[in-house]
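Please read these numbers as outputs of a predicted model, since none were measured by experiment. All values below come from the heavy atoms of this structure, side chains included, with hydrogens, waters and symmetry mates left out.
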Amino acid sequence: MKYLDEYRDHRIARALAAKIVQSTTRPWVLMEICGGQTHTIMRYGIDALLPRVIELVHGPGCPVCVTPLETVDKAIALALQPDVILVSYGDMLRVPGSRSDLFRAKAQGADVRIAYSPIEAVKIARSNPDRKIVFLAIGFETTAPANAMAAWQARYQGLTNFSMLVSHVLVPPAIRALMVSQSNRVQGFIAPGHVCTVMGCKEYEDLVRDFHVPIVVGGFEPVDILEAVLMLVRQLEARQLGAEVKLENQYVRSVSYQGNLPAKELIAEVFQIADQKWRGIGSIPRSGLRLREEFAAFDADRIFDLGEITVEEPAECISAEVLQGLKKPPDCPAFGIRCTPENPMGAPMVSAEGACAAYYHYRRHTAAS
Ligand code: SF4
C-alpha cells in the first residue's frame, strides 16, 4: 500500500478483522500505548470489529495526560511572574493544575503564548532580550529532538534569557513498569509508531525477552491498528503452542530498527536519562529526560526558585487506572457528568489524545460499547 486512503479502506479493514476472528481461540487483553492510536480505535469503531474476547485497553501514551500536576502548577507560577513569557504547545493551556490552568493565568494578565515548535520560543527570546522566556518542554521521545534542538540553538546563539521547564517521558520504562505491576492485565502491546520513528524498534527487544510479551510497533490508521492486532493475536495463539514471542514492526513505512540516528545523537547530547513522575502513575525509574549539566543554564527548574510543589489529584478522577489499562473512561463516575471537555477534571479529558476525551467525543458512554 502506498496511499493514505488505502490505510482507511473499509474492505481491507474488514478482511483483516475476519482474519483476526479466524485466528482467535481465547480472550486476549491488548494495549495500544499511544493516544493517537486510541483515537483511531474510537473514531473508526475498530474495537467493535474485533471478537468480543479481544479487549483493547488504552495506555499512558498521551504526553499531556502524564505531565505531572506539579509541572502544570510550576508553569502557572512562572507565567505569573511579571518578566516571564511562558511559551507552550496549545493543548497544555487547558490542562488543569491543582487550582488553575494556563488559560486562566493568561486571563489574569500572564504573558502566555502558544507555539507549534520550540524553535519559535527561541525566536521569541531573541526578539525580547529584556524578558525571560520559558518553554514548557513536554512529551515523549517524539518531541525530544525538537526540544533538544531548541536548547542547543539557545546555547549556540548565546541567549541568556531562554530556558525550558522539562517534563519528558520515555515509553519503554513505562511498559516495564506496567509489566512488573501486580495488577497488570496486558498480554500484548502495540508500540507507538511515531516514537519508534525517532528511537527505532531496537529498544523494545529487551521487554519482549524479559517478559515474554509480544510487541508490535504500529501505525495510526485503521488498517495499521487492525494489522497490528492480527500480528499480536497470531503471536499469542502461537505462544500457547510453544512458540517464542517476538518484536514485530507493522509500521515499516516509517520505522527502522535503529531509528533516526542524528536525532538520537542530539537527544543524547542535550538530555540525560532520569527518574520521572508520571501523572496518575507515580515515579518510574529512568523513565524521563532532564537537561545535562552542560545545558544547566537553560533549565528553568534550576534558574527559578520555585520550591517543592506537591499536589493531590482530584479524588474522583480514576485516570491512573485508565492510563494503566485497568479501567475504561466510562467506569469513572464523573465521566460525561462532572467531567467533560468543557469542564475537565483530569488531563485525559483535556488532551486531544486523551482516552477520556476520545470516549466522550465518539459518544462511547459505556465501557463495553
Ligand atoms: S472522566 Fe474525567 S475524572 Fe474521570 S478519569 Fe477521565 S479525566 Fe478523570
query: Ser181 side chain to Ala177 main-chain N or O, any donor-acceptor pair under 3.5 Å?
result: no
query: Does a side-chain heavy-atom distance below 4.5 Å link Lys132 with Ile303?
result: no
- prompt: Yes or no on salt bridge (Lys or Arg N to Asp or Glu O under 4.0 Å) for Asp101 and Arg94, after CA distance, side-chain angles and deciding distance?
  reply: CA-CA 6 Å; Asp101 58 43; Arg94 291 183 56 239; over 6 Å; no
- prompt: Under 6.0 Å from the CG atom of Asp305, do we count more than 12 heavy atoms belonging to anything else shown?
  reply: no
message: Please give the remaining members of the hydrophobic cluster of Ile318, linking ILVMFWY side chains under 4.5 Å, ordered by chain and number.
response: Val322
message: Applying side chain to side chain contact (heavy atoms under 4.5 Å, CB included) to Met31 and Leu178, what does each step give before you reach the verdict?
response: CA-CA 11 Å; Met31 173 181 275; Leu178 288 169; 3.6 Å; yes
Pairwise distance CE(Met349) to CZ(Phe335) - rounded to 0.5 angstrom: 5.0 Å
- prompt: Do side-chain atoms of Ser351 reach the backbone of Ala347 as a donor and acceptor pair under 3.5 angstrom?
  reply: no
query: Is the Phe220-His194 ring centre distance short of 6.0 angstrom?
result: yes
- prompt: Is there a side chain to side chain contact (heavy atoms under 4.5 Å, CB included) between Val186 and Leu30 once you walk through the steps?
  reply: CA-CA 6 Å; Val186 182; Leu30 311 178; 6.0 Å; no
query: If you count the non-hydrogen atoms of other residues, nucleotides and ligands that lie under 6.0 Å from CZ in Arg290, is the total more than 12?
result: no
- request: Work out which heavy atom in Pro51 is nearest to a heavy atom in Thr24; give both atom names and the distance.
  value: CG-OG1, 4.0 Å
- prompt: Counting only N and O atoms by type, is there a donor-acceptor contact under 3.5 Å from the side chain of Gln37 to the main-chain atoms of Gly218?
  reply: yes
Per-pair distances, 0.1 Å, donor-acceptor, side chain in residues 148-156, under 3.5 Å, sequence neighbours excluded:
from, atom 1, to, atom 2, distance (Å)
Trp152, NE1, Glu269, OE2, 3.2
Gln153, OE1, Gln157, NE2, 2.9

message: Please check this pair: side chain of Asp275 against backbone of Arg286, looking for a donor-acceptor N/O pair closer than 3.5 Å.
response: yes
- prompt: Could you walk me through whether Lys328 and Asp331 pass the salt bridge (Lys or Arg N to Asp or Glu O under 4.0 Å) check?
  reply: CA-CA 5 Å; Lys328 301 274 179 72; Asp331 297 327; over 6 Å; no
message: Donor-acceptor check, side chain of Gln187 to backbone of Val29, threshold 3.5 angstrom: yes or no?
response: yes
query: Is there side-chain contact between Phe271 and Asn147, with at least one heavy-atom pair below 4.5 Å?
result: yes
Heavy-atom pair of closest approach, residues Gly325 and Val57: O-CG1, 3.5 Å
query: Within a radius of less than 6.0 Å around CZ of Arg14, do more than 12 heavy atoms belonging to other residues, nucleotides or ligands occur?
result: no
Test side-chain contact (heavy atoms from CB on, under 4.5 Å) applied to Ser256 - qualifying residues, sequence neighbours left out: none
task: Look up atom CG in Asp224 and atom OG in Ser254, then write down how far apart they are to the nearest 0.5 Å.
output: 10.0 Å
statement: Only residue of Val270, Leu291, Leu136 satisfying side chain to side chain contact (heavy atoms under 4.5 Å, CB included) with Val166 is Leu291
Min side-chain heavy-atom separation Val64-Glu353 under 4.5 Å: no
task: Indicate yes or no: at least one non-hydrogen side-chain atom of Ser88 is less than 4.5 angstrom from one of Leu93.
output: yes
- prompt: Within the distance-only criterion (no hydrogens, no angle test), does the side chain of Lys264 pair as donor or acceptor with the backbone N or O of Met199 below 3.5 angstrom?
  reply: yes
message: The test is salt bridge (Lys or Arg N to Asp or Glu O under 4.0 Å); show your working for Glu293 and Arg302 and say whether it passes.
response: CA-CA 11 Å; Glu293 274 305 315; Arg302 304 194 209 193; 2.8 Å; yes
field: Option among Val208, Leu232, Val233 that satisfies the side chain to side chain contact (heavy atoms under 4.5 Å, CB included) test with Pro214
entry: Leu232
message: If you apply the rule side chain to side chain donor-acceptor pair (under 3.5 Å), what do you find for Thr38 with Glu32, and how did you get there?
response: CA-CA 7 Å; Thr38 305; Glu32 83 283 354; 2.7 Å; yes
query: Within the distance-only criterion (no hydrogens, no angle test), does the side chain of Arg131 pair as donor or acceptor with the backbone N or O of Asn161 below 3.5 angstrom?
result: no
field: Main-chain N/O of Val255 paired to Asn249 side chain as donor or acceptor, under 3.5 Å
entry: yes
message: Using a 3.5 Å distance criterion without hydrogens, assess whether the side chain of His168 forms a donor-acceptor pair with backbone atoms of Gly288.
response: no
- request: Heavy atoms only: give me the nearest Ile20-Ile54 pair and the separation to one decimal.
  value: CG2-CD1, 3.6 Å
- prompt: Minimum heavy-atom separation for Lys74 to Leu165, with atom names?
  reply: CB-CD2, 4.0 Å
field: Within-4.5 Å side-chain heavy-atom neighbours: Val95 and Arg279
entry: yes
- request: For residues His361 and Met42, determine if any side-chain heavy atom of one lies less than 4.5 Å from a side-chain heavy atom of the other.
  value: no
- prompt: Side chains of Val213 and Val245: does their closest heavy-atom pair fall under 4.5 Å?
  reply: no
field: Working for side chain to side chain contact (heavy atoms under 4.5 Å, CB included), residues Thr143 and Ile138
entry: CA-CA 8 Å; Thr143 52; Ile138 69 146; over 6 Å; no
- prompt: What pair of heavy atoms forms the shortest contact from Arg11 to Asp9, and how long is it?
  reply: N-OD1, 2.7 Å
field: Atom pair NE2 (His39) and SG (Cys34), whose distance is rounded to the nearest 0.5 Å
entry: 9.5 Å
message: Ring-plane angle category for Phe162 and Phe298, please: parallel below 30°, perpendicular beyond 60°, tilted otherwise.
response: tilted
message: Would you compute the distance between atom NZ of Lys106 and atom CG of Leu86 and round it to the nearest 0.5 angstrom?
response: 10.5 Å
query: Between the side chains of Tyr7 and Glu227, is a donor N or O closer than 3.5 angstrom to an acceptor N or O?
result: no
- request: Look up atom CG in Leu80 and atom CG in Leu102, then write down how far apart they are to the nearest 0.5 Å.
  value: 8.5 Å
field: Exam field: side chain Gln250 to backbone Gly219, donor-acceptor pair closer than 3.5 Å
entry: yes
message: How long is the straight-line distance from CD of Gln22 back to CZ of Arg234, given to the nearest 0.5 Å?
response: 8.5 Å
Salt bridge (charged side-chain N to carboxylate O under 4.0 Å, His left out) partner of Glu55, the single match among Arg185, Lys327, Arg26: Arg185
query: Between Thr142 and Val198, which heavy-atom pair has the shortest distance, and what is it?
result: CA-CG2, 4.2 Å
task: Show your working on side chain to side chain donor-acceptor pair (under 3.5 Å) between Thr67 and Ser167 and close with a plain yes or no.
output: CA-CA 7 Å; Thr67 299; Ser167 182; 4.6 Å; no
- prompt: Is the shortest heavy-atom distance from the side chain of Pro63 to the side chain of Tyr89 under 4.5 Å?
  reply: no
task: Take Val171 and Tyr204, measure what side chain to side chain contact (heavy atoms under 4.5 Å, CB included) needs, and give me the verdict at the end.
output: CA-CA 9 Å; Val171 172; Tyr204 293 79; 3.4 Å; yes
